Structure formats: structure tokens, C-alpha cells
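Basis for what follows: all heavy atoms, side chains included, without hydrogens, waters or symmetry-related copies. It should be emphasised that the depicted structure is a prediction, and the values quoted were computed from it without experimental measurement.
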Amino acid sequence: MSDWKPVTKSNPCPACGKPDWCAWSSDRALKCERSTAAPPGMTRLSVKDGGGVFRYADDDRRAPSKHTRRPIKRSGATPKAATINWADEAQQLARQLTNDRLDELATSLGVTVDALKAVGVGWATADDLRRYGASGAKWKQNPPDGAFAFPERDGNGRITGVSLRTVDGRKSAPSKDRTGARRGLIIPATWKDRPGPVLVVEGASDVAACEALQLRAIGRPSNTGGADDLAELLAGIDAILIGENDKKADGSWPGRDGAKLASAKLATAWGKSVAWALPSEDAKDIRAHLSQLVDSGLDLSDADACKQAGAELLATLQANAKAERPETLRDFRIVADVETKPVRWLWWHRIAIGKLSMIAGDPGLGKSFLTLDLAARVSAGRDFPDGSPCERGGVVVISCEDDLADTIRPRLEAARADLKRIAHIPAVDLADIPTLESAIRFMPDCRLVVIDPISAFTGNTDSHKNAEVRSLLAPLSEVASKHEVAIVAVTHLRKGEGSALQRLMGSIAFVAAARAAFGVTKDANDPSGLHRLFLPIKNNLGNDKTGLRYHLAADDSAIPVVAWSADPVTISIDDAMAPPKRSAKTDEAADWLENRLSDGKQHPARQLEDDGAKAGFSKKVLRSARERLNVKSVKSHFDGGWLWQLPSEDAQDAQNPIPGNRASWEAEGILGDSENDDAA
């Protein structure tokens, strides 16, 4: 793997969700510095320092086996240079350090000579630097005539290399290829003799500053490095990872985030929480804090005063420390530490912000119209159907069943949407969380994501297996919470009987993962057959258990829109979906009505109701008979009455709006009246 390119804010790491430190390779491998858990659709190749390397599970290319045959060396190939024995090298470098240079370094860093001796500093000559293949910032333009060398060790205390620092502060390290050196820990000779927790600081100069304050310290080679060695060296020992106050103008904070990441890696390695802390706000690091103490009068030659100052600093760090938990307990929290906050609502007590909600129903009931109506209201900031206020925001619509140009946009326009605040994604696998997050970030103040239908975007997930569905929906719920959006997904109902909760298509995990679920069904009490009921199936967060009634009406261009009735509907979803009870009276009425309509002609509804009453059939019984026979109800003309007719290929479907006629937004019927009004 080569050519690693860092993740970005627009394309964050799919494993940890962060926009920094992690990287993609040119051959589609992902290197995450924070998480060992494989993202959806990827497999883990290796684990190191609390992070991992992953590749897409369907990629034919695999990491080479450790048993892969090594390539044959060709003649003329450059032989590998002999490695340096760094234990012997460190002793030689220490002998090359003069007292004058040691005093110069102590003065430059603001620490004591004894602190530097404890670290084991030496001096590398210009010849040493060339032998090491060392280079650094502007070294070629101004090659140093030597550099201070700090021994670095592995988790067992063995010297593995050195870090280099010129007199003017330029840093470097030996070439690994040329010398066999590798970065390690700065371990002072006194660290086991001092009491208290180990302060794991960044770099040799901070270790020397801790030594001057008689604090127990170990240095890591960089803000995130050395985790494996630290895990081995400090197993069973209390430690605090110390970060740096180096916040950048772009908002990044490598010193702080590095300490958090390093402590998280140790927490995972040790299976327990590990603390991290920052020095005082006005000091970049421990050495800067020591410099402030000296400026305030601390005498570094006064051992008691330095010890007291060190004890005060340690107490402050412990008081301000925060903990990172092992990856397996990353979500473990003491309830008393959690700040109470109210549920935020997109639609008051129905659809919550930061949660997943579901809308389920049989085909042809207007579910897509309903979700586009919600999208239009959010985009325009228009009140919800029950009068609840709606905060204006962006919307992302994920849909593949309807064409954007000839169906979705015209419907949104008819619903008076602000089209500039709505984005459309035709197809995306819901496991592709980065793409979904990018779309949410793209829309300013995004508040709603519509997925219609969710079954079209589940990829290879078996929608009937609870475990697979939960693994798909859990990240989706995390996206809703992380980005503070309401995600509303549309699904279908299975045929058959039973409760609505059990009839949702696919695994029960779909409705279990949702904090609210709503069912759409026909209004059995509507003789026109036009009205639908929007009823709660479950609502874990809201206390409103009522539903609403709606129907499809047409605007001037005959594009259907959702027309709501503001009056609450109190019938339960199970009662509304229950099949009509058969009775002998209904059977008798059905036979009578079928006989009256057997000529295939349209008969006035009022006359049939009157004749039915004379035959002993109430309107309720006659309505049940109509539903059983699927009798169609149509208008004779604009101001005329309703006509009944047995279904046939030529019969007009009362669900479809009649082109050319304008319907009221609050109308009860498609043309502004209802069969009940005409028959009253």
C-alpha cells in the first residue's frame, strides 16, 4: 500500500467519523488511527496502536500473506545497510557531549543540567548526522555542525534510536532504512524512583521540565506516537497523557486531540479508562509552564521549591483530567455525569430531531405524497397539519422510485416547497455513511432526511434478519443524532392480518430501531374512498397518540397535493386496519346491492340508500356491503350528486383528481365536497 492521502472534512474516515489523521491508499485501503472496528462493507487487515487497516470486503485485492514468497533480488540492487547498535551509539554520543554544550542546552530549554543528564542526552557530530542520514527543516540550506541526541527506547527499555535537536531548535531523527533506528520513548533514569502517576508528555524537553519539577514523566515521540511501547512499559501503572495548548487558526487542535487519541489507545490496550489533561491555558506545554514559574521567581536550584511547584502542577492536572474509555466501553457513562436535555422536535410530539422515524402503509395510499408534503413544509418553514410550528431548514430526499424531473419536482412545487432548500439523491447504499453525511453537510441547516422506500437502499442486507438490519440502522440512527436531523424512512406492510407493528415489511428490527412509527391506511368510515388516516404505530418519545386524516387534492395544474384535516383522529391503527366483520345482515345487503347494480350502469347513491332503508338496511350496513363489493363512487357532474357503480375497466377511479377543476386545500372531497354532504 502506498500513496496515502489523508481524509478530509468532506470525506471523513468511515471507521471513526473524524476528518483528520486517517488516510486512504491508492489501492482502496483505509488506515484509521482511532478505531479497530471495521466500517460497514469493509474487512480488517491489521491492527496497530489502537487503530487498524481495512479494505472493502468485495475487493479482489488482498493484503499479501505473511507467507508470500519474497521477490528475487536482482543483480545491481542496492544492498541493505548494516544497522547501528544504538545502545553502544548512545554511550558514544554521551561521551561526545561537553559540559559547555550541556549548560548551553539547559539554558536554552530553561531546565536544569541534572534533568538533562537524567534524560541521557548526548552530542552527534556533523559526521554522525551524515552517517545517520538525518535531515530536517532547512537542514540542506543550512547543514548543522552537530545536534543534541536524546536516546529513545522501546517498551522494554532497550534503546532503539535517538531524536535529534540542533542548537537553534531544528529537529530530526536518523534514517530508519540506513541505520535501523525506530522512534521510541524518552525514559529518564529516575522515572521508577519517583512517586505518583506517570505524566506522559510530548518530546524530550517536556520530560526534562518534569524532571526539574521532580515529577515522574515519560516522553512519547509525537502527539500520537509510542502507544504500543507505552502500553508495554506502563502496564499496571497510573498514567496521565499530557497534551499541548496548540490550537490552530483553522480550529484544529493537534496537541489536545493527540493526547486524547493516545489515551484512548492505551485504554483499549489495558481495558480500563486512561486520563488525559492539558497544562494551564496560558502555557503551551509543561516546559512553557516551567518557564512561567521561573519568571515568577522559582529558583531551579531550590529543590524544595521545585518539588512544591511540581506537586501543585500535578494536583491541577489531576483535577482537570478527563478520561478516555476502552473501545469496548466507549459509550459507557455514569448517568450522574450526563446532562439532562429535552427532546427536540421536528414535528411536535410526532417526529423527533436526531431520531429515526418510519412511515408504513400499503402501496397506492399516498405515502410518497405525504413525505414530500413534510419536506415542503420544512423547506418553507410552514406549519405542520395540526398547527404545530415548523422551523425552516434544509431537506435531503433519497428516492429512486419516482423521476426527479417529471414527478418529484412537480409535486414539491405543488406543495409550495422552497426548492433551493431541498437536495435529491437518486440512489445510495445506506451503509455508505460518508455519502449520506456529505449530503447533510451540503444542505445548510439540514433538518430532515427522507428515505423512500428504505428497502431500495439496504444493499446486500437481508431485510428479514434482525442482526443485519440492526447493523444497518444503528449507524443511520447515529447520523441522525450526530447531525441533529430527523430521518423519516418509508416502508411497506406485509399482506395478511395481525397488528400493524408486526406487519411492517422485513425484520421487526426496522420498527424497533425507530423511535416513532406511523401507519397509513384507508379511512373505513369514508364512503367516498378518498380519505386516508395517518396514525401512530409506536411513539417512544411523544405523548400525542392521535392521528390525522388527509386526502389527495389537485391544484390548478392537476398535480395532486396532500390536503389535511386538522381534527385529530382517535381510532387506533390496529382498529383502523382491521378487516370489516362479516355479518348475515351485511351479506344480505351485499346480495341486494349487487343485484341492483348488476346492469353495469351508474345509479344515484341517494336513491339506493333510500331504497336500501326501505329494504331494512341501515347506512352503516349498506356501507359495509359497498366496501365488500368494491363499489365505485363518482360524481355525475360538478354540482351533481354521487353515483354508484360496480367496478369495471371503464369505471372512473374516484382517487384520481378530475383535471381542470380546482380543489380547496381544506376540502373534504376531491372537488371540495363529499358524498356525505350530497346524501345528507
Side-chain angles (χ1 to χ4, degrees), residues 347-348 350-351 359 361-390 395 397 402 407-419 422 448 450 452 488 490 518-536 544 546-571 576 632-635 638-639 642 652-680:
W347 184 353
W348 179 251
R350 298 185 195 273
I351 298 176
I359 296 178
D362 291 326
L365 297 182
K367 297 186 299 299
S368 296
F369 280 99
L370 192 152
T371 54
L372 292 181
D373 178 76
L374 295 180
R377 291 174 185 273
V378 172
S379 70
R382 198 168 63 254
D383 287 353
F384 286 107
D386 58 359
S388 301
C390 174
V395 181
V397 175
D402 293 317
T407 303
I408 295 178
R409 173 168 179 162
R411 290 179 179 179
L412 287 171
E413 288 177 329
R416 299 182 289 170
D418 182 348
L419 300 182
I422 301 179
L448 172 63
V450 172
D452 183 14
V488 176
V490 174
F518 302 90
V520 174
T521 185
K522 291 182 178 180
D523 185 355
N525 294 319
D526 172 32
S528 71
L530 299 176
H531 289 83
R532 309 288 181 249
L533 300 180
F534 176 75
L535 302 171
D544 192 342
T546 62
L548 293 169
R549 180 181 286 104
Y550 72 91
H551 68 281
L552 297 183
D555 68 357
D556 289 334
S557 60
I559 301 296
V561 294
V562 178
W564 295 85
S565 173
D567 295 332
V569 177
T570 57
I571 188 174
K632 298 298 181 181
S633 180
V634 297
K635 270 284 191 177
F638 189 82
D639 295 323
W642 292 94
Q652 183 180 357
D653 187 349
Q655 277 193 2
N656 296 328
I658 301 174
N661 291 309
R662 178 175 177 81
S664 164
W665 280 82
E666 287 77 26
E668 289 296 322
I670 198 68
L671 296 177
D673 54 8
S674 71
E675 183 180 343
N676 286 341
D677 296 335
D678 196 43

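Listed by chain and residue number, L533, L535, R549, I571 satisfy the side chain to side chain contact (heavy atoms under 4.5 Å, CB included) test with V569 (two or more places apart in sequence, or in another chain). Residues satisfying the ring-ring contact (aromatic ring centres under 6.0 Å, His included) criterion with F518, sequence neighbours excluded, are F534. With sequence neighbours excluded, the residues forming a side chain to side chain contact (heavy atoms under 4.5 Å, CB included) with R411 are S368, F369, L372, D402, T407, I559, listed by chain and number.
Using a distance-only test at 3.5 Å, with no hydrogens or angles considered, a donor-acceptor pair links the side chain of R377 to the main chain of D383. A distance-only check finds no donor-acceptor pair linking the side chain of R416 to the backbone of A380 [under 3.5 Å].
Each of I422, L374, T371 was checked for a side-chain contact (heavy atoms from CB on, under 4.5 Å) with V450, and the lone residue meeting it is T371.
Of all heavy-atom pairs between K522 and R532, the closest is CG-NH1, 3.7 Å. Minimum interatomic distance between A563 and A553 (heavy atoms only, all atoms of both residues): CB-CB, 4.2 Å.
Taking the side chain as every heavy atom from C-beta outward, K367 and D452 never approach each other to under 4.5 Å. Using a 4.5 Å heavy-atom cutoff, the side chains of L370 and W564 are in contact. Taking 4.5 Å as the limit, every side-chain heavy atom of L419 sits out of range of all side-chain heavy atoms of S379. Residues F384 and V378 meet the side-chain proximity criterion, which asks for heavy atoms closer than 4.5 Å. Residues V562 and L552 form a side-chain contact, since some pair of their non-hydrogen atoms from C-beta on lies under 4.5 Å apart. Using a 4.5 Å cut-off on side-chain heavy atoms (C-beta onward), R382 and D418 make no contact.
Taken from CG in D386 to OG in S565, the straight-line distance is 11.0 Å, to the nearest 0.5 Å.
There is no side-chain donor-acceptor pair under 3.5 Å between D523 and H531.
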